[in-house]
Amino acid sequence: MTRRTARRGSRISISYRPKGRTKAQIAREAGLEPLAEALLASPDQSPEQVAGRHVEPNKGVTDSAAALEGARAILVERFSEDATLIGSLREEVWSRGRLCSRVRAGKAERGVKFADYFEFSEPLARLPSHRILALFRGEKEEALTLELIPDPATPDRGEPSAFERRIASRFKIVNHGRPGRIVSTPWGGR
């Protein structure tokens, strides 16, 4: 078995692994799965208005923002369980992405051993493992802030990224003047 085949097998098994109690599971228990389905099926409705119909304080859904957060968790989990999609997105981020770091405010003196990484940016594909470990150590010791930039060539103009468009395409989400964004970048800083 090749390394690529083993990696693919690992991604496929994600859907079948037993999970702890996730945010999505908690949202399902609160009855928010119909909201998630409604957001996908009815692009012409206001997400806040649709979510307002699912507010149930006795189930922990105190307002429409909490309902939308639960629906988002359900959809993100659904998207993340597509092994083929996640595998291709991961490979693309690995080949085009960059890992950047900067010193945290007021931490320059205390984190002097990480001075090489105070203003640092390098493509993921060229990062050696010892440098990645040093960056993670700097973040853990609260001297550095790390940011993963999936595709530095794409400027952020408030438009969906290539990654968001691929997820939307895979799940047949079309923006017909949709008031809210269903697919948005789930990552920012680490």
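Annotation: side chain of F79 is not in contact with side chain of L89 (no heavy-atom distance under 4.5 Å). Residues R170 and T84 form a side-chain contact, since some pair of their non-hydrogen atoms from C-beta on lies under 4.5 Å apart. Residues L40 and F171 have side chains not in contact (no heavy-atom distance under 4.5 Å, counting atoms from C-beta outward). For the pair E122/P128, a side-chain contact is recorded, criterion being any heavy-atom separation below 4.5 Å from C-beta on. Two residues are said to be in side-chain contact when any heavy atoms from C-beta on lie closer than 4.5 Å; R126 and R131 fail this criterion. Considering only heavy atoms from C-beta on, F136 comes within 4.5 Å of L146 through its side chain.
The distance from the CZ atom of R98 to the CZ atom of F120 is 8.5 Å, given to the nearest 0.5 Å. Taking CZ of R72 as the reference point, atom NZ of K23 lies at 10.5 Å (rounded to 0.5 Å). Remark: R28 CZ to E77 CD distance equals 4.5 Å, nearest 0.5 Å. In this structure, E81 CD and I86 CD1 are separated by 10.0 Å, a value rounded to the nearest 0.5 Å. Between the OG atom of S121 and the CZ atom of R102 there is a distance of 12.0 Å, given to the nearest 0.5 Å. Going from atom CD1 of I26 over to atom CZ of R21 covers 4.5 Å, rounded to the nearest 0.5 Å.
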(request) List the steps, then state whether side chain to side chain contact (heavy atoms under 4.5 Å, CB included) holds for L148 with L124. (result) CA-CA 9 Å; L148 174 64; L124 288 171; 3.5 Å; yes
(request) Start with the C-alpha distance between H54 and K59, add both sets of side-chain angles, then the distance that settles side chain to side chain contact (heavy atoms under 4.5 Å, CB included), and finish with yes or no. (result) CA-CA 10 Å; H54 294 271; K59 291 186 176 182; over 6 Å; no
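Between L35 and A67 the shortest heavy-atom distance is CD2-O, 3.3 Å. When every heavy atom of G52 is checked against every heavy atom of S64, the shortest pair comes out as N-CB, 4.0 Å. In plain terms, the two heavy atoms of L39 and A71 that are nearest each other are CD1-CB, 3.9 Å.
Taken together through direct or relayed side-chain contacts under 4.5 Å among Ile, Leu, Val, Met, Phe, Trp and Tyr, L32 and V55 form parts of separate hydrophobic clusters. Cluster membership for V103 and V112, using ILVMFWY side-chain heavy atoms within less than 4.5 angstrom, is not shared. Hydrophobic clustering, with ILVMFWY side chains joined whenever heavy atoms are under 4.5 angstrom apart, groups L135 together with F118.
Checking side-chain atoms of S101 against main-chain N and O of Y117 turns up a donor-acceptor pair under 3.5 Å. Under a 3.5 Å cut-off, the side chain of E164 and the backbone N or O of S161 do form a donor-acceptor pair. Remark: side-chain polar atoms of S169 are not paired, donor with acceptor, to backbone N or O of R166 under 3.5 angstrom.
Listed by chain and residue number, E141 satisfy the side-chain hydrogen bond (donor to acceptor under 3.5 Å, both in side chains) test with K113 (two or more places apart in sequence, or in another chain). Contacts of R137 classified as side-chain hydrogen bond (donor to acceptor under 3.5 Å, both in side chains), with partners at least two apart in sequence or in another chain: none. Every residue meeting the side-chain hydrogen bond (donor to acceptor under 3.5 Å, both in side chains) condition with R104, not counting sequence neighbours, appears here in chain and number order: T145.
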